Chemist: 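Handing you this structure, nothing more for now.
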Amino acid sequence: MGKTAYKRLLGSQSFRQRLLLATLSSTPILIEDIRADETWPGLRNHEISLLRLFETVCDDCHVEINETGTKLKYKPGTIVGGRQHRAHDCGVSRSIAYFLEPLIVLCLFAKQPLTIRLKGITNDSKDPSVDTFKSTALPILKRFGVPSEGLELKIESRGLPPDGGGEVILSLPVVQSLSAVSWIDEGFVKKIRGTTFSTRVSVQFENSMIKATRGIINPLVSDVHIFSDHRSGPQAGNSPGYGISLVAETTSGCFISADTAVFHSRDDDTSSLVDDAKRDLMPPEDIAVQTANALLGEIAQSGVVDSTHQGLLFLLCALCPQDVSKVRVGKLSQYGVETLRNIRDFLNLKFIIKPEPNSQSVFLKCVGYGMKNLSRKVS
């Protein structure tokens with residue numbers, strides 16, 4: 001066997017996408033100088049957990065990390081998916097949604113449909129909530145030809161920072177290939193759905209959020225339903241908090257989302273929110289107003305997805321067959337730009353970008369990489 005040729009990369013940026021695209025393109029990577037100049041150098045706990053997750057759903061991965069964690073060698077294996085009987089602990093430094101995006105894209109091309117339990121944080125302020133992921137990311141997959149049968153994200157329990165305790169079950173079918181899309185019409189908002197949640201606090205918090213949200217949205221959209229999900233006991237996880245997820249569905253089948261979560265540490269002696277925490281937490285009415293306004297802002301961007309899901313959209317377009325995909329998004333987010341760069345670097349694929357002169361939106365067009373699931377037979 002010849003010596004393995006590694007693609008050399010520097011720094012910690014775009015770690016998830018580098019790992020994902022390296023695996024899909026069967027490209028061994030060597031990442032050096034990972035936070036080498038920081039007080040706490042090297043890979044973070046959630047990045048190591050993501051590596052372990054990839055090892056779980058792939059065969060013959062090779063991972064080598066130096067003592068300081070500043071250097072990583074990763075040689076991809078075969079994507080197998082399958083039913084995982086052992087839950088994966090995502091930790092508490094990033095939420096479960098941080099792991100979900102690369103996992104679903106990766107395992108669409110696995111040998112077997114994936115079923116896996118993920119434990120950790122379901123709602124926080126860094127990543128999209130699992131509610132938003134379920135109601136927005138999964139419909140985006142369907143747009144690219146992923147079948148509805150076997151596609152599910154079930155929330156077993158909630159978990160908020162700092163102590164987590166949440167759990168979800170992801171079921172994902174496999175595909176032989178994705179379908180190229182022409183998706184440039186965002187349509188008009190026809191209905192808005194939402195979910196409020198609360199853990200280890202009064203259910204009244206949710207009632208306040210629903211009332212405040214309706215005060216903003218109902219004058220604009222008549223079809224509004226907001227469901228409540230109050231958890232107690234083991235299903236409430238280990239930390240108190242509350243929040244809301246809102247999703248607007250348009251006449252052309254677009255799903256635009258926004259969410260917010262509020263949380264604080266717990267007083268172990270009294271099993272209640274301490275007085276300082278009560279003062280620090282944003283009132284539920286303010287949470288609702290903030291999220292509703294964020295949703296309206298995303299709708300005004302005139303894209304087929306919100307800014308949070310631009311990266312997922314571009315990845316799916318890039319992995320389509322060698323046919324043209326056209327999409328329209330609002331103002332390019334930083335994450336969206338980083339995704340386009342990573343696609344170029346790993347797949348040697350460039351998007352044609354054309355701004356829409358009369359709005360903030362941008363048209364993008366690309367010819368797919370032609371990713372195929374060679375282990376998947378056509379029935």
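Bear in mind that the values here come from a model prediction, so they are computed numbers and not experimental data. Here, residue 1 is the first one in the sequence, and each next residue gets the next number.
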Chemist: If we ignore hydrogens and angles and just use 3.5 Å, is the side chain of Thr78 paired with the main-chain N or O of Asp60 as donor and acceptor?
Modeler: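 It does not hold such a pair.
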Chemist: Is the side chain of Asn123 donor-acceptor paired with the backbone N or O of Val130 at a distance under 3.5 Å, no angle test?
Modeler: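 Answer holds: no.
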Chemist: Consider salt bridge (charged side-chain N to carboxylate O under 4.0 Å, His left out). Of Lys73, Lys7, Arg8, which one does Glu32 pass it with?
Modeler: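 Only match with Glu32 under salt bridge (charged side-chain N to carboxylate O under 4.0 Å, His left out): Arg8.
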Chemist: Per the side chain to side chain donor-acceptor pair (under 3.5 Å) rule, which among Asp259, Asp131, Thr132 passes with Ser245?
Modeler: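 Testing Ser245 for a side chain to side chain donor-acceptor pair (under 3.5 Å) against Asp259, Asp131, Thr132 leaves exactly one candidate, Thr132.
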Chemist: Rounded to the nearest 0.5 Å, what's the gap from CD on Gln13 to CD on Glu338? Could you check?
Modeler: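 It is 8.0 Å, given to the nearest 0.5 Å.
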Chemist: Working to the nearest 0.5 Å, report the span between NZ of Lys365 and CZ of Arg328.
Modeler: 15.5 Å
Chemist: Are Leu43 and Val63 in one and the same hydrophobic cluster, where Ile, Leu, Val, Met, Phe, Trp and Tyr link if side-chain heavy atoms are under 4.5 Å apart?
Modeler: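 Yes, same cluster.
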Chemist: Is a side-chain N or O of Glu152 found less than 3.5 angstrom from the main chain of Glu149, in a donor-acceptor match?
Modeler: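 No.
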Chemist: For the residue pair Thr339 / Gln310, report whether a side-chain donor-acceptor contact shorter than 3.5 Å exists.
Modeler: no
Chemist: Of all the heavy-atom pairs spanning Gly243 and Met209, show the shortest one and how long it is.
Modeler: O-CE, 3.4 Å
Chemist: In this structure, which one of Val224, Ile256, Thr291 forms a side-chain contact (heavy atoms from CB on, under 4.5 Å) with Leu246?
Modeler: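 So, applying the side-chain contact (heavy atoms from CB on, under 4.5 Å) to Leu246 and each of Val224, Ile256, Thr291, only Thr291 qualifies.
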Chemist: Please assess Asp229 against Thr195 for the test side chain to side chain donor-acceptor pair (under 3.5 Å), listing each intermediate value before the final yes or no.
Modeler: CA-CA 7 Å; Asp229 183 18; Thr195 301; over 6 Å; no
Chemist: Would you find a donor on one side and an acceptor on the other, under 3.5 Å apart, between the side chain of His88 and the backbone of Ser49?
Modeler: yes
Chemist: I need the single residue from Val181, Ile184, Ile352 that forms a side-chain contact (heavy atoms from CB on, under 4.5 Å) with Lys326. Which is it?
Modeler: Ile184
Chemist: Examine distances only and state if a side-chain atom of Lys190 and a backbone atom of Asp223 form a donor-acceptor pair shorter than 3.5 Å.
Modeler: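 No, because the side chain of Lys190 does not come within donor-acceptor range (under 3.5 Å) of the backbone of Asp223.
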Chemist: Should the heavy atoms of other residues, nucleotides or ligands under 6.0 Å from NZ of Lys354 be counted, would the total exceed 12?
Modeler: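 No, NZ of Lys354 has 12 or fewer neighbouring heavy atoms, counting only those of other groups under 6.0 Å.
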Chemist: For Gln290 and Thr260, indicate whether the former's side chain and the latter's backbone hold a donor-acceptor pair under 3.5 Å.
Modeler: no
Chemist: Run the numbers on Asn66 and Thr70 for side chain to side chain donor-acceptor pair (under 3.5 Å), then give the verdict.
Modeler: CA-CA 7 Å; Asn66 70 351; Thr70 57; 3.2 Å; yes
Chemist: Tell me yes or no: between the side chains of Thr308 and Tyr335, is some donor less than 3.5 Å from an acceptor?
Modeler: no
Chemist: Keeping the roles fixed (side chain from Gln360, backbone from Gln301), state whether a donor-acceptor pair exists under 3.5 Å.
Modeler: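 Side chain of Gln360 to backbone of Gln301: no pair is present.
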Chemist: Just how far is it from atom CG of Leu312 to atom CD of Glu101, taken to the nearest 0.5 Å?
Modeler: 5.0 Å
Chemist: Within the side chain of Glu47, is there an N or O that forms a donor-acceptor pair under 3.5 Å with the backbone of Arg44?
Modeler: yes
Chemist: Please enumerate all residues that pass side chain to side chain donor-acceptor pair (under 3.5 Å) together with Ser232, with sequence neighbours excluded.
Modeler: none
Chemist: If the plane angle is over 60° it's perpendicular, under 30° parallel, otherwise tilted; pick one for Phe314 and Phe351.
Modeler: tilted
Chemist: Which atom pair, heavy atoms only, marks the closest approach of Pro161 to Asp124?
Modeler: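 Smallest heavy-atom distance, with atoms named: CG-CB, 3.7 Å.
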Chemist: Please go through Tyr6's hydrophobic cluster and name the other residues, only I, L, V, M, F, W, Y counting, with side-chain heavy atoms under 4.5 Å joining them.
Modeler: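 In the cluster with Tyr6 are Leu30.
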Chemist: Taking Gly233's backbone N and O only, do any of them form a donor-acceptor pair with Arg200's side chain (distance below 3.5 Å, no angle check)?
Modeler: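 Such a contact is found between Arg200 side chain and Gly233 backbone.
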Chemist: Kindly work out whether a path of hydrophobic side-chain contacts (I/L/V/M/F/W/Y, heavy atoms less than 4.5 Å apart) joins Ile65 to Leu10.
Modeler: no
Chemist: Quick one: pull up NE2 in His309 and CD1 in Ile140 and give me the separation to the nearest 0.5 Å.
Modeler: 5.5 Å
Chemist: What verdict does the side chain to side chain donor-acceptor pair (under 3.5 Å) test give for Glu298 and Ser307, after you've listed the backbone C-alpha separation in whole Å, the side-chain angles of each residue and the deciding distance to 0.1 Å?
Modeler: CA-CA 7 Å; Glu298 290 284 0; Ser307 57; 2.7 Å; yes
Chemist: Val367, Leu347: one ILVMFWY side-chain cluster at the under-4.5 Å cut-off?
Modeler: no
Chemist: Pair up each side-chain donor or acceptor in residues 247-255 with any protein partner under 3.5 Å, not counting sequence neighbours, and list the distances.
Modeler:
| residue | atom | partner | partner atom | Å |
| --- | --- | --- | --- | --- |
| Thr250 | OG1 | Glu186 | O | 2.8 |
| Thr250 | OG1 | Ser252 | N | 3.3 |
| Thr250 | OG1 | Ser252 | OG | 3.3 |
| Thr250 | OG1 | Cys254 | N | 3.1 |
| Thr251 | OG1 | Phe188 | N | 3.0 |
| Ser252 | OG | Asp185 | O | 2.6 |
| Ser252 | OG | Glu186 | O | 3.0 |
| Ser252 | OG | Gly187 | N | 3.3 |

Chemist: Is a donor on one side and an acceptor on the other found under 3.5 Å between the side chain of Arg94 and the backbone of Asp127?
Modeler: no
Chemist: With hydrophobic residues grouped by side-chain heavy-atom distances under 4.5 Å, do Leu153 and Ile121 end up in a single group?
Modeler: no
Chemist: For side chain to side chain donor-acceptor pair (under 3.5 Å), just list the numbers for Ser361 and Glu356, CA-CA rounded to whole Å, side-chain angles, deciding distance to a tenth of an Å, and then say yes or no.
Modeler: CA-CA 6 Å; Ser361 63; Glu356 160 57 47; 5.2 Å; no
Chemist: Are side-chain heavy atoms of Leu21 and Leu315 found at a separation under 4.5 Å?
Modeler: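 Sidechains of Leu315 and Leu21: in contact.
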Chemist: For the CG atom of Leu349 and the CG atom of Asn342, what is their distance to the nearest 0.5 Å?
Modeler: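 With rounding to 0.5 Å, CG (Leu349) is 12.5 Å from CG (Asn342).
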Chemist: What's the shortest heavy-atom distance between Leu103 and Ile116, and which atoms?
Modeler: CD2-CG2, 4.1 Å
Chemist: Would you find more than 12 non-hydrogen atoms of other residues, nucleotides or ligands less than 6.0 Å from Glu38 atom CD?
Modeler: yes
Chemist: Which value, rounded to the nearest 0.5 Å, describes the distance between Leu178 atom CG and Leu141 atom CG?
Modeler: 8.5 Å
Chemist: Minimum heavy-atom separation for Pro147 to Pro173, with atom names?
Modeler: O-CG, 3.7 Å
Chemist: Quick one: do Trp183 and Val305 satisfy side chain to side chain contact (heavy atoms under 4.5 Å, CB included)? Show the steps, please.
Modeler: CA-CA 10 Å; Trp183 195 11; Val305 299; 4.1 Å; yes
Chemist: Taking all heavy atoms of Leu364 and all of Val362, pick out the closest pair and write down the distance.
Modeler: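 That closest heavy-atom pairing would be CD1-O, 3.7 Å.
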Chemist: Students often mix this up, so state it plainly: with edges at 30° and 60°, are the rings of Tyr74 and Phe54 parallel, tilted or perpendicular?
Modeler: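 Ring orientation, 0 to 90° scale: perpendicular.
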Chemist: If every non-hydrogen atom of Leu114 is compared with every non-hydrogen atom of Cys107, which pair is closest and at what distance?
Modeler: CD2-SG, 3.8 Å
Chemist: Using a 6.0 Å cut-off, check whether atom CZ of Arg52 has over 12 heavy atoms from anything other than its own residue.
Modeler: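 Above 12, so yes.
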